[in-house]
Every structure is written in C-alpha cells, then in structure tokens.
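Keep in mind that this is a model prediction, so the values were computed, not measured.
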Amino acid sequence: QVQLVESGGGLVQTGGSLRLSCAASGRIFRISVMRWYRQAPGKQRELVAAITRGGSTNYADSVKGRFSISSDNAKNTVYLQMDSLEPEDTAVYYCNLDATTTAWGTVRDYWGQGTQVTVSS
C-alpha cells in the first residue's frame, strides 16, 4: 500500500513559521493531487491547500497569503510552508493524496498519520 510520512510539525509562537513535509512511498504509479487538511478540536476537517501534479494550487481563504503549498513530483513529496502563524492555525495537519498504484488501477485516496501544529499566543 501507499504510505505517507509527515514531518515538520511542532510548537511555534504567533507570527512564526513552520514547514511541513509529506513523503509518499510504496507502490505508486501516479499521483494526481496532493492536499493538506487540518482538524482542530471541535471543528470540521478543513482543506487547507491542494496542488495538482501540473502545479495548480488552491487555498482556504483563511490561509491565503500566509501558506504556500509546493511539491517535488520526482520525490512524491508535498510541502506546506506556513508563515505568520496564528493561534487559529493550531490543529492536526494531515497529508492526503489521490493516486493510482498501477497503470490500470482506479484512483484511490490515501492519508498520512497527521502531525500536530501548535501556535501559542
């Protein structure tokens, strides 16, 4: 199966920066979309940012201008650069991707284990 390993989370003060990384491994034929979600206590899971293998990006309104998603398709890795962090950004961040494992396979959804981001006021 495809496995996603996330890193880069931690504790940071308001206004600080973090960079999250997510590396996919295992049997992968093609990744079509990579995404970052987050979920804070008492809140719905929220799509933070997404990037296609062609480089198109999408951001939640709450993070526009502060977060930047990028990818290295050759390494099957996606990054989330988070600047000007606010306490409201505190959440567990999950890497997610759509991928096929074979040339003939259907597109399936894969998730990382999550990494905690805590922004102190």
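A distance of 12.0 Å separates OG of Ser68 from CE of Met82, quoted to the nearest 0.5 Å. Distance check: Asp89 CG to Ser62 OG gives 7.0 Å after rounding to the nearest 0.5 Å. Here the CD atom belonging to Gln81 is positioned 12.0 Å from the CZ atom belonging to Arg66, to the nearest 0.5 angstrom. Note that CG of Leu47 is 6.5 Å distant from CG of Asn58, once rounded to the nearest 0.5 Å.
Between Val78 and Ile69, the closest side-chain pair of non-hydrogen atoms falls below 4.5 Å. By the 4.5 Å heavy-atom criterion applied to side chains, Thr115 and Val92 are not counted as neighbours. Using a 4.5 Å cut-off on side-chain heavy atoms (C-beta onward), Leu85 and Phe67 make contact. A 4.5 Å side-chain heavy-atom check between Met34 and Arg53 finds every atom pair outside the cut-off.
Side-chain contacts under 4.5 Å among hydrophobic residues (ILVMFWY), followed directly or transitively, place Leu11 with no other residue at all.
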Report all side-chain donor-acceptor pairs from residues 13-33 shorter than 3.5 Å, counting only partners two or more places apart or in another chain.
residue: Thr14; atom: OG1; partner: Ser120; partner atom: O; Å: 2.7
residue: Ser17; atom: OG; partner: Asp83; partner atom: OD1; Å: 2.8
residue: Ser32; atom: OG; partner: Asp98; partner atom: O; Å: 3.3

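Side-chain N or O atoms of Thr102 include one that pairs as donor or acceptor with a backbone N or O of Gly105 at under 3.5 Å.
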message: Apply side-chain contact (heavy atoms from CB on, under 4.5 Å) to residues Asp109 and Arg35 and explain how you reach the verdict.
response: CA-CA 11 Å; Asp109 195 46; Arg35 308 178 183 90; 4.2 Å; yes

query: Going through the distances and angles, do Tyr59 and Val48 end up as a side-chain contact (heavy atoms from CB on, under 4.5 Å)?
result: CA-CA 6 Å; Tyr59 297 93; Val48 177; 6.0 Å; no

- prompt: When you look at Thr90 and Gln116, which way does the side-chain contact (heavy atoms from CB on, under 4.5 Å) test go after all the steps?
  reply: CA-CA 8 Å; Thr90 296; Gln116 177 71 48; 4.0 Å; yes

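Taking both residues in full, the closest heavy atoms of Gln39 and Arg45 are given as NE2-N, 3.8 Å, listed atom of the first, atom of the second, then distance. Nearest heavy-atom pair, Ala91 versus Ala40, reported as atom, atom and distance to 0.1 Å: CB-N, 3.9 Å.
Partners of Tyr79 according to the ring pair (Phe, Tyr, Trp, His ring centres under 6.0 Å) rule, which considers only residues two or more places apart in sequence or in another chain, do not exist here. Residues that satisfy the salt bridge (Lys or Arg N to Asp or Glu O under 4.0 Å) test with Glu46, not counting sequence neighbours, are Arg38. The salt bridge (Lys or Arg N to Asp or Glu O under 4.0 Å) check on Lys64 picks up Asp61, with sequence neighbours excluded.
Among residues at least two apart or in separate chains, ring-ring contact (aromatic ring centres under 6.0 Å, His included) pairs with a member in residues 94-121 are Tyr37-Trp111.
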